[in-house]
Amino acid sequence: MKFGRKITTNLYDEWRPFYIDYNLLKRELKSRTTSHSWDDKDERDFTAMLNKELDKVHDFQKQKTAELSCRIRDAEKDVQKLVAQESSSSEPSPIHCSDPESHQARPSDYGPDEGSDDDDDIDDNQSDASLEDLFHGLQEEVATLVADVHDLALYTKLNITGFLKILKKHDKITNLPLKPTFIQKYLEERPFYKYNWDALIVKLSKLYNLVRTRGHPVQGDSSAGGNQSAFVRQTTKYWVHPDNLVPLKLAILRHLPVLVFNAEKEFEQKDAAITSIYFDNEDLELYLGRLEKTEGAEAIRLRWYGDTEVKTIFVERKTHREDWTGEKSVKARFPIKEHLVNAFLRGEYTMDAELQALADKGKKTQAEVDSMIQLASEVQYRILTKQLHPVMRTFYNRTAFQLPGDPRVRISLDTELTMVREDNWDGQTRTGDNWRRTDIGIDHPFDQVAADDKELFKYGVLEVKLQTQFGQEPPKWVTDLVQSYLVEAVPKFSKFIHGCATLLPNRVDLVPFWLPQMDTDILKPNTGYLTVERPMKNTPDLQSGLFSPISPVSPVPSYVEPVSEGEDDEEMDLAPARDEDRRTGLPQEDVAAAIAFREKSLKERDRTSQFNGSSSTPEEVCDERTPLLKLPRPPTVSIDPLAPSSAFDESLRERLQANKNAPPRAQDGEVREAVGLDEENLREEERLLVRDWSAPSGKRIAVPVRIEPKVYFANERTFLKWLSFAVLIGSIATTLLNFVPADDPRGLISAALFTLAALFAIAYSAIIFVYRALRLRARSAEGLYYDKYGPTILCFVLLAALGTNIGLRVADM
């Protein structure tokens with residue numbers, strides 16, 4: 001589909017006059033270039049037209065965002081009024097209880113009807129019904145606000161794509177480079193496409209939560225509902241394309257509010273900023289340990305929330321534990337004042353007195369303080385003995401979703417993720433003797449930092465943290481969300497590992513599995529599973545106007561996110577529901593007959609379509625749950641996005657081994673010019689699964705290998721089995737030597753052959769045992785773990801010894 005047609009069909013109709021007039025600009029460009037040669041006047045006129053369209057789009061977006069903020073604020077006031085009205089109407093009155101006629105004299109909550117003859121018929125149930133109707137009206141307004149925010153984000157995406165495409169078309173036709181100049185001179189001055197939606201989404205989330213809970217939101221500790229010094233969660237991670245960030249946030253706030261630590265404070269952008277400084281030595285010992293998932297592998301970092309003016313820094317240590325230990329990986333931390341960090345890192349200051357003061361003031365229990373004191377001592381010892389230094393900084397803005405005081409489901413979305421070098425290893429002074437750089441703060445994208453010293457991660461990172469009982473399934477809406485087109489599962493993704501692998505290429509030989517996939521387009525087609533629908537009038541359900549599966553027949557046309565250029569809508573699968581007998585209410589026999597008739601009709605239709613089809617080659621179907629869409633690749637089995645990370649090891653290893661000897665493939669095309677902007681969309685027939693990866697030149701992909709104690713025991717048992725077999729053969733040889741006469745050469749030859757077979761078995765098993773033990777210590781997945789030669793050779797040696805013995809005895813007869 002051409003972009004001009006796409007923007008015409010996918011725009012929100014009420015805002016039609018305020019979109020970029022892409023078709024007009026294209027016609028103007030075509031008419032001027034075909035009628036005469038493009039000159040300076042045409043260039044000025046066309047630039048003026050672009051500038052006019054830019055002003056229109058920028059002013060409209062600015063107006064709508066201000067309008068949405070006012071509507072959200074007005075809706076909050078209406079909720080507060082309804083809550084106050086509900087509280088006043090529910091308070092018991094002694095006069096009302098003692099005198100049945102006194103309710104005629106009390107004030108009424110029904111406005112113009114106060115004092116009318118109908119007051120005698122008003123009771124509490126009617127009052128509750130009236131309040132419920134008013135809340136329903138607010139629910140429709142909130143649903144409309146959600147749709148407006150979603151549509152305004154898509155409005156921004158369509159318009160910036162239109163500007164970049166028309167500029168590209170202009171440069172191609174006229175051979176004049178207008179695009180760089182226009183972006184720098186005009187777009188950067190009115191950067192409507194850089195609008196940060198976080199403040200608006202936080203306000204909308206607060207309003208949504210107020211309306212959903214009827215003005216009584218869940219109260220609790222905003223610090224994740226538990227002890228933050230040591231906590232264990234099951235975490236799965238996903239990448240989110242920039243185009244899906246706003247839809248994803250709106251989908252999550254339907255179920256969880258945005259977690260705000262200070263609800264009384266107006267949201268500022270710095271409130272979402274999180275910065276961490278990771279430590280390692282020049283051998284990258286911590287990096288390799290975290291990458292290979294060795295038992296006890298640690299990551300040490302210093303973290304702060306907000307800008308660089310904060311005074312409290314958190315020292316954190318993450319420790320990886322293998323499953324066979326019976327323990328869980330854990331993160332522990334303790335606070336330290338900013339001015340004491342350098343002295344602590346040099347070993348000149350200990351945290352005992354400062355942490356003990358927390359217990360003396362009653363802020364922490366003595367047990368918690370003892371644990372933090374031990375942690376501080378261990379971290380300081382590790383930094384000094386391993387000579388750890390600042391190596392990398394990560395910065396991102398986090399939007400967290402969680403019910404206050406309820407840590408069972410916590411979802412966080414990190415955007416604008418940036419990794420920055422902090423080391424001084426290449427001779428360039430970055431941190432000097434300080435524990436962090438002082439030339440940057442939270443001013444993303446850190447233009448003052450050299451391009452080689454920073455890595456701008458182009459996706460958002462979604463983390464789903466669940467605390468469920470053993471065997472308990474996660475909430476259905478979480479499963480539906482992570483299986484939708486909005487996210488792409490990337491198990492074991494680590495910001496620290498990714499930063500070291502990209503910023504220190506000369507020091508890193510082992511890279512994570514996801515690094516070769518960074519050029520892969522993870523934007524998947526929207527099949528309509530999660531779509532914002534504007535509410536119908538008099539809709540009693542708040543969720544009816546939010547993300548929901550598209551119905552086969554909808555009385556109100558829904559506004560769906562535009563698909564990439566060249567993509568057509570996919571056919572819906574028509575199959576009977578599993579619980580159709582319960583849905584219809586018909587007898588089971590009639591339902592079975594109807595299902596059989598329909599299945600027969602569907603099969604006949606499929607045969608007809610196959611007979612009349614234009615393509616005889618079956619094509620792989622890609623839907624919203626299809627991971628990593630790109631150029632044609634061989635298919636394989638996808639992973640369970642909510643499975644524990646340990647379940648990913650085996651499938652990854654099998655994929656790498658299966659594709660190790662695969663023929664070389666063509667390199668990818670031109671890298672996109674901007675994140676989510678001006679991208680050349682693939683055609684439908686080109687969007688197939690990406691399943692194999694190849695490491696960059698000179699690098700190796702880290703294959704997760706699980707080494708448990710029982711693996712070493714299995715190696716020893718195999719060695720002992722070989723020894724027992726060799727001892728048995730040696731016993732035969734010893735028996736022949738002891739009981740065969742000395743003048744019997746045939747017996748001596750047989751005994752010698754059996755002795756050689758026993759010695760061969762002992763030597764071979766010893767060599768294989770040592771080799772396997774060394775490979776296990778190196779955590780290598782390759783090696784002679786499957787021995788297909790040794791047993792075969794031993795059998796042939798034994799067969800030769802027995803055959804020789806029998807042959808010699810037969811010849812002697």
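No experiment lies behind these values; they were computed from the predicted model shown.
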Derivation and outcome, salt bridge (charged side-chain N to carboxylate O under 4.0 Å, His left out), residues Glu67 and Lys64: CA-CA 5 Å; Glu67 176 187 331; Lys64 290 301 294 184; 3.4 Å; yes

side-chain contact (heavy atoms from CB on, under 4.5 Å) between Tyr459 and His241, intermediate numbers included: CA-CA 5 Å; Tyr459 300 130; His241 193 276; 4.0 Å; yes

What do the steps show when you test Leu481 against Val487 for side-chain contact (heavy atoms from CB on, under 4.5 Å), and what is the final call? CA-CA 8 Å; Leu481 182 71; Val487 300; 5.6 Å; no

Is there a salt bridge (charged side-chain N to carboxylate O under 4.0 Å, His left out) between Arg16 and Asp13? Walk through the geometry before answering. CA-CA 5 Å; Arg16 182 180 293 271; Asp13 196 59; 3.0 Å; yes

Trace of the side-chain contact (heavy atoms from CB on, under 4.5 Å) decision for Trp239 with Met518: CA-CA 11 Å; Trp239 287 349; Met518 287 306 300; 3.5 Å; yes

Test salt bridge (charged side-chain N to carboxylate O under 4.0 Å, His left out) on Glu488 and Lys524 and set out the steps. CA-CA 9 Å; Glu488 175 61 41; Lys524 293 178 278 191; 3.2 Å; yes

Test Phe395 against Asn397 for side-chain contact (heavy atoms from CB on, under 4.5 Å), laying out the working first. CA-CA 7 Å; Phe395 166 84; Asn397 289 312; 3.8 Å; yes

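For the pair Tyr195 and Thr156, the minimum side-chain heavy-atom distance is 4.5 Å or more. The closest side-chain heavy-atom distance from Leu403 to Leu256 is below 4.5 Å. Using a 4.5 Å cut-off on side-chain heavy atoms (C-beta onward), Phe163 and Tyr186 make no contact. Between Ile72 and Leu200 there is a side-chain heavy-atom pair separated by less than 4.5 Å. At least one side-chain heavy atom of Leu154 sits under 4.5 Å from a side-chain heavy atom of His150. Taking the side chain as every heavy atom from C-beta outward, Val202 and Thr399 never approach each other to under 4.5 Å. When side chains are defined from C-beta on, Lys237 does not count as touching Val490, because their heavy atoms never get closer than 4.5 Å. In this structure the side chain of Leu152 reaches within 4.5 angstrom of the side chain of Trp15, judged on heavy atoms.
Distance check, rounded to the nearest 0.5 Å: NZ of Lys168 to CG of Leu164 gives 10.0 Å. To the nearest 0.5 angstrom, His255 atom NE2 is 9.0 Å from Ile411 atom CD1. Interatomic distance, Ile166 CD1 to Thr161 OG1, rounded to the nearest 0.5 Å: 13.0 Å. Atom NZ of residue Lys179 and atom NE2 of residue His170 lie 12.5 Å apart, to the nearest 0.5 angstrom. Taken to the nearest 0.5 Å, the OH atom of Tyr485 stands 9.5 Å off from the CG atom of Leu248.
The aromatic rings of Phe18 and Phe60 lie parallel to each other, their planes meeting at an angle below 30°, with 60° marking the opposite boundary.
Between Ser205 and Pro257, the closest heavy-atom pair is OG-CA, 3.3 Å. Between Pro475 and Val409, the shortest heavy-atom distance links the atoms CG-CG2, 3.9 Å. Here the shortest heavy-atom pairing between Glu463 and Lys465 reads OE1-CE, 3.1 Å. Closest non-hydrogen pair, Tyr238 versus Thr236, comes out as OH-OG1, 3.2 Å.
Lys249 places no side-chain N or O within donor-acceptor distance of the main-chain N or O of Val258, the cut-off being under 3.5 Å. Using a distance-only test at 3.5 Å, with no hydrogens or angles considered, a donor-acceptor pair links the side chain of Thr65 to the main chain of Gln61. Using modelled atom types, no side-chain atom of Lys56 and backbone atom of Ile20 make a donor-acceptor pair closer than 3.5 Å. Distance alone, capped at 3.5 Å, places no donor-acceptor pair between the Asn51 side chain and the Thr47 backbone. Side chain of Glu416 to backbone of Pro445: no donor-acceptor contact under 3.5 angstrom is found.
Partner of Arg398 under the salt bridge (charged side-chain N to carboxylate O under 4.0 Å, His left out) criterion, chosen from Asp271, Asp414, Asp198: Asp414.
A ring-centre distance under 6.0 Å is found for Phe457 and Phe493.
Listed by chain and number, the residues in a side-chain contact (heavy atoms from CB on, under 4.5 Å) with Lys194 are Glu188, Pro191 (sequence neighbours excluded).
For Lys169, the NZ atom is loosely surrounded, since the number of other residues' heavy atoms within 6.0 Å does not exceed 12.
Under the 6.0 Å distance and 45° angle rule, Lys495 counts as a cation-pi partner of Tyr396.
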